[in-house]
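One structure is given here, and the rest of the page talks about it.
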Amino acid sequence: MDQLALDVAHLFAGGLVLVSFMLLYQDRLTGIVNNFALHALVVSLSVAWQATIQHAPHLYITAAIALIVKAVVIPFALHRIIVRLGIHRTIEPVVGIGLTMLAGIGLVALSIMVMLPITAAAGTLAREDLAFALSVVLLGLLMMISRRNAVSQVIGFMSIENGLILAATGAKGMPLVVEISVAFSILIALIVIGVFLFRIRERFDTVDIHALHEHRGGRP
Amino acid sequence: MALEVLLWCAAALLGTGVAAVAAARHRIASTSVYGVALGATVIAVLAAAWSLLVQHGPAGVRLPLGLPWLGAHFRLDALTAFSLLVVNLGGAAASLYALGYGRHEESPGRVLPFYPAFLAGMNLVVLADDAFTFLFSWEFMSLVSWALVMAHHRRSGNAAAGYIYLLMASLGTLALLLAFGLLAGAGGGYAFEAMRHTTPSAGVGGAVLALALIGAGSKAGIVPLHVWLPLAHPAAPSHVSALMSGVMTKVAVYGFVRIVFDLLGPPQWWWGALVTLVGGVTAVMGVLYALMQHDLKRLLAYHTVENIGIIFIGLGLALAFQANQLQAAAALALTAALFHVFNHSLFKSLLFFGAGAVLTATGERDMERLGGLIHRMPLTAFAFLVGSAAISALPPLNGFVSEWLTFQAILLSPALPQWLLKFLVPAIGALLALSAALAAACFVKAFGVTFLGRPRTPVARDAVETDRWSLAAMFALAALCLAAGIVPGQFLDALAPVTQALVGAHMPLQEERAWLTIVPIAESRSSYSGLLLFTIIALAAWITTWVIHRWASAATRRAPPWDCGFPDPSPLTQYTAGSFSQPIRRVFGSVVFRARETVELPPPGDARPARFAVRLRDVPWDLLYVPVARAVNFAADHLDKVQFMTIRAYLTLVFGALVVLLAVLAAWQ
Amino acid sequence: MAIALDAAVQLVQLALVLALAPLLTGLVRRLKAHMLRRQGPPLAQPYRDLLRLLRKEVVLAHSASWLFRVIPYLVFATTWVAAALVPTFAVGLVFSNAADMIAIVALLGSARFLLALAGLDVGTSFGGIGSSREMMIASLAEPAMLMVVFTLSLLAGSTQLSSIAASMQGSDVGLRVSLALALVGLVMVAIAENARIPVDNPATHLELTMVHEAMILEYSGRHLALIEAASHLKLLLYVSVIVCLFFPWGIAVSGQGLAAYLAGLAVYVLKLAAGGFLLAVFETAIAKMRVFRVPDFLGAALMLGFLATLLLFVSRVT
């Protein structure tokens with residue numbers, strides 16, 4: 001039974017990597033937001049499962065926060081923002097989806113190469129879970145740098161948070177205080193970014209980074 | 001005994017070449033030269049097969065030719081016997097083909113003397129047992145094949161192709177010279193026997209591997225040293241193209257195997273990683289290049305590059321396994337590579353013979369000016385179809401067996417402990433699978449655009465079938481492809497002594513398996529039975545045909561094509577080679593070749609035709625060769641000043657050199 | 001006597017796949033129609049279509065060659081053999097030595113090669129469109145399939161289908177990430193190979209949306225019947241492979257007796273029906289992609305398969 005529990009946790013970690021790849025694959029804004037909701041759902045399920053097998057009830061609260069805030073409230077707010085700003089465009093990736101996915105595979109290989117030798121003392125599944133968590137973080141960063149749209153960069157930033165939560169709950173004993181502060185910081189970041197997006201949209205009529213770049217002072 | 005027979009065959013070929021210099025214009029010169037070549041190569045095949053299958057233990061001889069203190073060593077062991085089998089089988093097929101094809105040669109004096117010399121040179125390279133004989137025969141082979149490439153030197157592009165070929169061949173020989181120098185070491189033991197018994201240090205071994213990869217690899221056609229291949233191979237007459245692509249590249253592979261597996265001693269694991277990586281990149285780049293071509297012979301030449309990549313993947317895996325003491329897996333990988341050497345020589349020769357037949361019948365090499373040839377040249381089309389199916393690795397033909405064995409070797413690779421290999425080998429497996437799928441696309445295009453559809457030009461409409469000799473050669477090779485696919489076990493058992501000598505193990509013997517199944521490792525693991533598959537498919541096809549003919553309507557009517565109700569009588573509306581490969585060009589080519597398509601549409605009302613242009617960028621050429629050429633030109637321009645100095649300046653140079661050398665001598669002591 | 005019985009069971013499987021294949025296609029069509037609130041054709045309609053085509057006259061274009069006439073027989077034979085090699089109700093039958101996963105992928109590749117040639121044979125532009133798009137799709141779908149095969153063979157230690165199925169049934173495999181990734185990849189490849197939405201629409205004859213239909217546009221009569229039967233068999237093959245490799249519970253082992261075979265058969269039919277239902281739901285829920293999104297789709301399948309293989313390579317602790 002214990003092996004089954006570890007297998008399911010491992011499956012959730014792998015599932016999160018899969019959803020991160022799905023995030024990289026999307027080329028429409030609504031698709032990205034919905035996929036992020038799925039991402040947050042998988043993270044909350046994974047945390048809930050960890051709560052069950054580690055017998056750590058405070059993790060249930062973490063899972064509930066992740067579910068409510070990240071899987072429901074934030075996507076709903078982002079959908080509203082998209083409608084208010086009127087962006088329904090497709091997203092232009094910088095180097096094409098095929099190359100982005102290939103780079104994603106390279107990042108997964110890199111995180112495995114980094115993690116597995118370092119954590120030689122732990123059990124196999126725990127090491128692979130950490131490698132998956134690092135790859136989720138790296139894939140979120142890749143998403144931030146390979147998209148031209150500010151909303152998708154916000155989503156990439158939040159998926160990095162999800163990867164960190166996965167890593168932290170994989171090890172035993174993360175206090176609740178940390179999680180509340182993390183959740184609040186996310187919420188504040190989102191509000192700030194949303195406000196900025198509104199202002200940017202009002203001033204320049206677009207949130208495409210490429211167009212915004214021209215208005216920077218200094219170098220042309 | 002076999003060794004003497006083989007040496008006499010080589011001598012006979014050389015003698016025929018010399019005789020043909022004088023008598024090339026004679027009426028029966030072509031027939032007699034190719035006939036003698038056919039006889040000599042058939043005898044050589046029999047001798048090599050006898051040596052491989054019956055004789056055990058190597059035989060050597062030392063002839064008092066060449067350098068006085070060295071002589072010329074020749075040796076016949078298992079690897080040599082196998083390579084001689086491949087070389088002479090290809091040579092026999094080419095000679096048989098040329099009995100018919102050679103009649104159309106417009107300048108026989110430029111081809112007839114060099115053809116048997118080419119065969120002799122290849123045989124001598126494989127038989128050589130010391131560095132001097134090897135290099136001498138290698139250079140002889142290169143020069144003679146250069147002469148054959150320049151046979152039609154007035155045709156546009158051939159002179160440039162010969163020039164680049166000569167440059168790359170010289171580079172390769174230089175690299176091999178340095179490699180043998182390093183292997184001989186300070187002692188100067190140039191005989192291979194001496195090199196076998198000394199083990200170089202790790203650094204020297206790595207340097208020898210790199211030099212062998214450059215030297216032998218450039219002749220074989222690995223990326224980025226492949227640039228001469230698609231220029232030179234199509235320029236030669238078709239039977240020579242078949243020999244160059246199907247056989248000379250295998251001689252290069254033999255050179256690599258001889259140096260790295262035999263002379264160099266126990267390998268390091270990173271040698272395997274390097275060779276496998278080179279092989280994987282070569283395979284994918286080769287087939288992508290081939291997909292962009294619409295010249296039939298250039299397509300086949302680029303495709304040779306892909307198959308060489310597959311062979312090097314097998315060789316690299318064998319090195320990696322051997323470095324980690326996994327002998328059985330190394331034997332499997334090496335057997336897969338060597339079997340692919342054999343298979344490729346068969347079907348690539350067959351395909352080049354078909355291209356030569358098309359060239360003779362229509363005068364065209366450009367696929368986009370052909371079409372519908374299956375109606376005019378049905379037998380050639382059938383043989384070309386068998387060759388295309390074999391090269392696309394379709395069961396139950398032979399290409400599938402060697403590819404299956406390579407995949408089995410890849411599936412054994414998790415046992416390799418090094419981390420880099422753990423990441424590299426699955427990537428190489430993905431590249432191999434990708435190149436196999438792209439190869440099938442490439443040959444659907446090659447066969448479909450050339451032979452199927454409707455004729456695009458009058459020459460295609462009026463083509464006639466080729467002569468009996470060419471057809472005999474093609475069908476013999478096609479039959480061998482089928483045989484190697486259905487009963488691969490016999491061929492694999494013949495390779496056992498080769499791998500035993502090189503890696504110290506061999507694949508399990510396949511003789512008494514039920515249904516002639518081949519089992520690479522163990523029965524429980526994987527097995528493949530070409531015969532069983534062929535029988536079941538034939539049975540299913542026969543049952544289907546019987547049921548259909550018994551119970552279905554047999555009525556057939558000819559009518560114009562349906563074409564969704566828009567049939568166009570002009571054959572120019574059918575798909576061309578460029579349009580067939582457009583989706584693949586868009587998916588892969590835009591990344592690898594920076595392929596860009598531009599369409600210029602004239603404004604409405606203007607009666608000019610629209611223009612469609614595809615721009616491809618040859619990345620290795622632009623990144624490697626153009627800068628090197630520019631640097632050489634730069635240096636040459638600046639060194640040119642040395643040509644035009646006064647006498648006093650030259651004397652100053654001599655004086656300065658003398659002073660410097662004396663100073664070095666003083667400081668040394 | 002035992003050998004004759006085993007051979008008889010194998011021949012029963014050969015006939016069974018042929019009998020069930022049109023039924024599966026009919027089931028999928030009818031379920032899709034119901035989901036779109038239509039009546040839909042009866043379940044046995046594909047059988048009637050095949051019989052009708054067999055009775056019709058063949059109309060050949062003037063430029064069609066002997067290859068055009070021979071290809072339907074070869075395509076049907078290779079697809080039928082490939083479908084018959086996949087274990088349905090029992091593993092370890094007489095031909096299971098030849099049921100190598102790579103060989104089955106290559107047999108399907110042969111069928112596709114021949115069909116692409118048929119598209120180019122008549123010399124129309126529609127045939128060329130179908131052939132070139134089909135080869136583009138194949139150039140990514142076949143490596144993705146091979147990567148999935150690698151993943152499964154690494155786990156099972158063999159490329160024989162029977163061995164893989166047997167080891168999947170055993171408990172030492174467990175829930176592995178690589179298996180989940182391989183399953184997703186295989187489903188994506190199966191959709192692409194069977195010309196289903198979102199890759200191709202099997203029910204349309206518009207130029208923009210045809211791949212498979214464009215290649216076989218010039219076929220009629222008994223030739224078209226053979227090709228249609230081959231495409232039904234291909235769908236059955238892919239659903240059988242997914243069912244046999246990832247959900248092998250209930251499959252009988254050769255030699256267990258008639259009762260076990262019948263139970264295996266019942267379970268197999270249920271699994272086929274479930275697969276057909278899921279396919280119908282998926283096809284109805286999603287829209288067709290434009291042609292040049294298909295390489296992204298299949299590239300994703302190739303990446304998933306490659307990632308699954310990579311994880312297995314890496315997790316072999318020495």
Side-chain angles (χ1 to χ4, degrees), chain B residues 372 374-375 392-395 400 404 407 411 414 417 422-423 425-426 429-430 433-434 437-438 440-441 444 447-448 452-454 517 524-529 532-533 536-537 540-541 544-545 548 552-553 555-564 571 573-575 579-580 582-584 586-587, chain C residues 54-63 65 67 73-74 76-78 80-81 97-98 100 102-103 106-107 109-110 113 116-117 120-126 128 131-133 135-136 138-139 142-143 146-147 150 153-154 157-160 217-218 221-222 292 295 306 309-310 313-314 316 318:
Chain B
I374 194 173
H375 301 282
S392 311
L394 302 180
F400 175 69
W404 186 80
F407 281 135
L411 286 173
K422 276 191 193 291
F423 284 104
V425 177
L434 188 63
L438 286 170
V444 168
F447 184 76
L452 301 178
R454 293 174 284 161
T517 314
S524 60
R525 214 189 139 89
S526 328
S527 59
Y528 169 72
S529 172
L532 186 61
L533 216 55
I536 309 177
I537 295 176
T544 313
T545 318
I548 295 287
S553 153
T556 311
R557 179 165 62 94
R558 289 272 177 180
W562 157 234
D563 208 12
C564 260
T573 56
Q574 41 176 356
Y575 254 44
S579 36
F580 188 89
Q582 188 260 355
I584 295 182
R586 191 168 149 166
V587 172
Chain C
L54 283 177
R55 284 196 294 265
K56 287 197 164 227
E57 171 189 61
V58 160
V59 178
L60 285 175
H62 290 304
S63 49
S65 62
L67 194 61
Y73 295 91
L74 288 176
F76 178 74
T78 43
W80 189 20
V81 166
N97 260 3
D100 185 271
I102 302 180
L107 275 176
S110 308
F113 183 85
L117 285 180
L120 285 174
D121 187 66
V122 180
T124 62
S125 42
F126 274 108
S131 298
S132 73
R133 285 179 184 173
M135 294 320 286
M136 172 191 75
S139 68
E142 199 175 296
L146 278 172
M147 285 287 120
F150 280 6
S153 327
L154 285 173
S158 163
T159 46
Q160 274 177 8
L217 198 62
E218 302 290 332
R222 58 186 182 275
F292 283 108
F306 176 54
T309 312
L310 188 67
F313 258 77
V314 162
R316 288 288 172 94
T318 46

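Order of the sequence lines fixes the chain letters, A, B, ..., with proteins taken first and strands second; residue numbering starts at 1 for each chain.
Interface remark: C:Leu146 contributes side-chain atoms only to the contact with chain B (heavy atom separation under 4.5 Å). Looking at B:Phe580, the atoms closer than 4.5 Å to chain C (heavy atoms on both sides) sit in the backbone and in the side chain alike. Only the backbone of C:Ala138 comes within less than 4.5 Å of a heavy atom in chain B; its side chain stays farther off. When heavy atoms are compared at a cutoff of 4.5 Å, B:Leu533 approaches chain C solely by way of its side chain, counted from C-beta outward. Only the side chain of C:Val81 comes within contact range of chain B, judged by heavy atoms closer than 4.5 Å. Of the two parts of B:Ser392, only the side chain, counted from C-beta on, holds a non-hydrogen atom closer than 4.5 Å to a non-hydrogen atom of chain C. Using a 4.5 Å cut-off between heavy atoms, B:Ile548 contacts chain C through its side chain alone, with no backbone atom that close. Heavy-atom distances place both the backbone and the side chain of B:Val444 under 4.5 Å from chain C. Only the side chain of B:Trp404 comes within contact range of chain C, with heavy atoms under 4.5 Å apart. With a 4.5 Å cut-off on non-hydrogen atoms, B:Pro571 does not touch chain C at all.
The ring of C:Phe150 has its center closer than 6.0 angstrom to the ring center of B:Phe407.
Taken to the nearest 0.5 Å, the CZ atom of B:Arg454 stands 10.5 Å off from the NE2 atom of B:His375. Here the straight-line distance linking atom CG of B:Leu452 with atom OG of C:Ser63 works out to 10.0 Å at 0.5 Å rounding. Here CE of C:Met135 is found 9.0 Å from CG of B:Leu438. Values are rounded to the nearest 0.5 Å. Atom OH of C:Tyr73 sits about 9.0 Å away from atom OG1 of B:Thr544, to the nearest 0.5 Å. Distance check, rounded to the nearest 0.5 Å: CG of C:Leu107 to CD1 of B:Ile537 gives 5.0 Å. One finds the CG atom of C:Leu154 at 10.5 Å from the OG1 atom of C:Thr159 (value rounded to the nearest 0.5 Å).
Residues forming a side-chain hydrogen bond (donor to acceptor under 3.5 Å, both in side chains) with C:Trp80 (at least two apart in sequence, or on another chain): none. Evaluation of the ring-ring contact (aromatic ring centres under 6.0 Å, His included) rule for C:Phe113 yields no partner, not counting sequence neighbours.
No other option in C:Thr309, C:Thr78, C:Leu54 has as many heavy-atom pairs under 4.5 Å with chain B as C:Leu54. Options C:Gly109, C:Ala103, C:Ala116, C:Gly221 differ in how many heavy-atom pairs under 4.5 Å they form with chain B, and the most are formed by C:Ala103. Contact count versus chain C (heavy atoms, under 4.5 Å) is highest, among B:Ala393, B:Gly448, B:Ala433, for B:Ala433. Chosen from B:Ile584, B:Ile536, B:Val425, the residue pairing most often with chain C at heavy-atom distances under 4.5 Å is B:Ile536. Of the listed residues (C:Arg55, C:Glu57, C:Lys56), the greatest number of heavy-atom pairs within a distance under 4.5 Å of chain B belongs to C:Glu57. Counting heavy-atom pairs under 4.5 Å between each of B:Ala559, B:Ala541, B:Ala441, B:Ala552 and chain C puts B:Ala559 at the top.
Between the side chain of B:Ser579 and the backbone N or O of B:Tyr575 there is no donor-acceptor pair closer than 3.5 Å.
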